[in-house]
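What follows is a short report on a single structure.
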Amino acid sequence: MIRDARVLQADFVPQEVVHRDPEANQLSNALEPITRDEPAETAFLFGPSGTGKTCLAKFIVERLRREVIDIEHQYVNCWQNYTRFRTIYRILEGIGQTLDVHRQSTPKDELLERLRQYDGPPYVVVLDEVDQLEDMDVLYDLYTLPNISMVLIANREEELFARIDERLSSRLMNTTRIRFDKYGLNELVGILQARVDRGLTADAIGRSQLERIADAAAGDARVAIGILRNAAQRAERDGTDQITSAAITDSIPEARSEVQQRTVETLTPHQQQLYEIITNHGSITPGDLYEMYREQVDDPKTKRTMRNYLTKMCQYNLIVAEGQNRGRTYRPVSVS
DNA sequence: ATTCCACGGGAAAGCATGGACC
DNA sequence: GGTCCATGCTTTCCCGTGGAAT
């Protein structure tokens with residue numbers, strides 16, 4: 001029943017983007033000067049997760065690449081590349097300039113200098129999760145570079161600009177800012193339908209079932225596609241050629257925990273141990289948590305390090321911290 | 001009102017890693 | 001082999017906060 005599994009992957013970029021026409025036009029306009037060999041406006045994409053920011057950015061850049069024969073582009077996820085060095089390194093990677101870059105021979109600004117001297121075709125850089133950068137000055141550095149156009153993606157506008165100093169924010173005044181709202185039910189159904197058409201056999205799933213998925217996803221397209229994928233795999237495993245309502249019901253919690261499970265796997269053993277204690281306990285105070293951790297592990301890390309781990313896990317949406325100071329407890333984020 | 005103390009998180013020093021160079 | 005050196009991760013030190021105990 002699955003004809004093309006790629007279509008059901010979360011990071012798949014479709015041929016046509018549905019329900020994002022105004023946003024697509026704005027982004028196109030921002031990048032349009034490139035077609036005339038002029039520097040593009042910096043574009044900001046804001047909105048909650050699963051609203052198509054990343055997808056649209058990739059889509060537009062790809063389309064631009066087809067229209068203008070000669071542009072370079074690179075996608076950088078700042079969650080994974082959150083240091084100044086890694087960010088710039090990845091950008092250099094996009095133009096194949098890293099071959100002879102060694103850490104030693106790169107005192108501070110050598111990398112940047114190399115980018116500055118870049119003299120090729122227009123270069124579009126998409127910086128995703130840009131609010132995860134530990135040092136926002138990178139943006140300033142990149143902004144001063146000729147020949148490089150930026151598309152910046154973040155969840156919340158206010159939080160991002162709170163971390164940018166005036167030096168930069170004044171320059172970013174006349175940028176294109178595009179907001180993405182959560183998808184409505186019908187929009188999500190449309191997105192799912194498009195994937196179904198390309199990825200599944202005909203009649204594999206009906207409209208009302210797509211609505212159920214869309215409803216459960218609460219405006220988040222990534223979750224919706226995850227549920228669809230899970231249900232399709234389930235049906236395939238069972239050897240049926242239709243996705244049943246029961247399969248969908250079962251897939252809803254599983255798709256959510258799938259995301260979580262994948263995140264947990266990226267944690268170190270120590271972090272996983274902490275996470276396990278928290279999930280087993282439901283809700284626990286930092287003192288007790290450290291006490292249990294210390295007993296269960298040989299060679300335990302410091303309290304301070306545990307705190308680093310905990311903040312990291314909070315950012316990853318694995319756990320939630322409730323209360324301040326004395327009254328603080330940690331609990332797992334519920335999957336329901 | 002004052003002191004106490006668990007907690008959070010910033011800053012900087014310490015340590016391990018890994019590539020480049022001789 | 002040995003040595004630099006920049007990086008990331010951990011630890012040490014420390015201070016601010018705000019509720020609880022005195």
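Reminder, nothing fancy here: chain letters follow the sequence lines and each chain counts from 1.
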Answer yes if the side chains of A:Thr244 and A:Arg234 hold a donor-acceptor pair under 3.5 Å, and no otherwise.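 Checked: A:Thr244/A:Arg234 side chains show no N/O donor-acceptor pair below 3.5 Å.
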
Q. Hey, does the side chain of A:Tyr290 come within less than 4.0 Å of B:dA6's phosphate (OP1/OP2), counting only N and O?
A.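 Result: no.
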
Between B:dG8 and A:Tyr330, is there an OP1 or OP2 to side-chain N/O distance shorter than 4.0 Å?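 Answer is yes, contact under 4.0 Å.
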
Is [Y] paired with [X] through a side-chain N to carboxylate O contact shorter than 4.0 Å?
{"X": "A:Glu322", "Y": "A:Arg331", "result": "yes"}
{"X": "A:Arg6", "Y": "A:Asp4", "result": "yes"}
{"X": "A:Arg65", "Y": "A:Glu72", "result": "no"}
{"X": "A:Arg207", "Y": "A:Glu211", "result": "yes"}
{"X": "A:Arg20", "Y": "A:Glu23", "result": "yes"}

* Is the centre of the A:Phe46 ring less than 6.0 Å from the centre of the A:Phe180 ring? ->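 Here the rings of A:Phe180 and A:Phe46 have centres that are no less than 6.0 Å from each other.
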
Given protein heavy atoms under 4.0 Å, the one-letter contact record of nucleotides 12-22 of chain C, with B base, S sugar-phosphate only and - none, is simply B----BBB---

Give me the distances for all protein-to-nucleotides 1-3 of chain B N/O pairs that come in under 3.5 Å?
none

Practice item. Specify the separation, in whole Å, of atom CG of A:Asn308 and atom P of B:dG9. Key: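 A:Asn308 atom CG is separated from B:dG9 atom P by 9 Å.
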
**Item:** Check: A:Arg90 side chain, A:Val76 main-chain N or O, donor-acceptor pair, under 3.5 Å
**Value:**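 Side chain of A:Arg90 to backbone of A:Val76, a donor-acceptor pair under 3.5 Å: no, none is there.
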
| query | So what does A:Lys303 touch, heavy atoms closer than 4.0 Å: a base, only the sugar-phosphate, or nothing? | reply |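 Touches nothing.
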
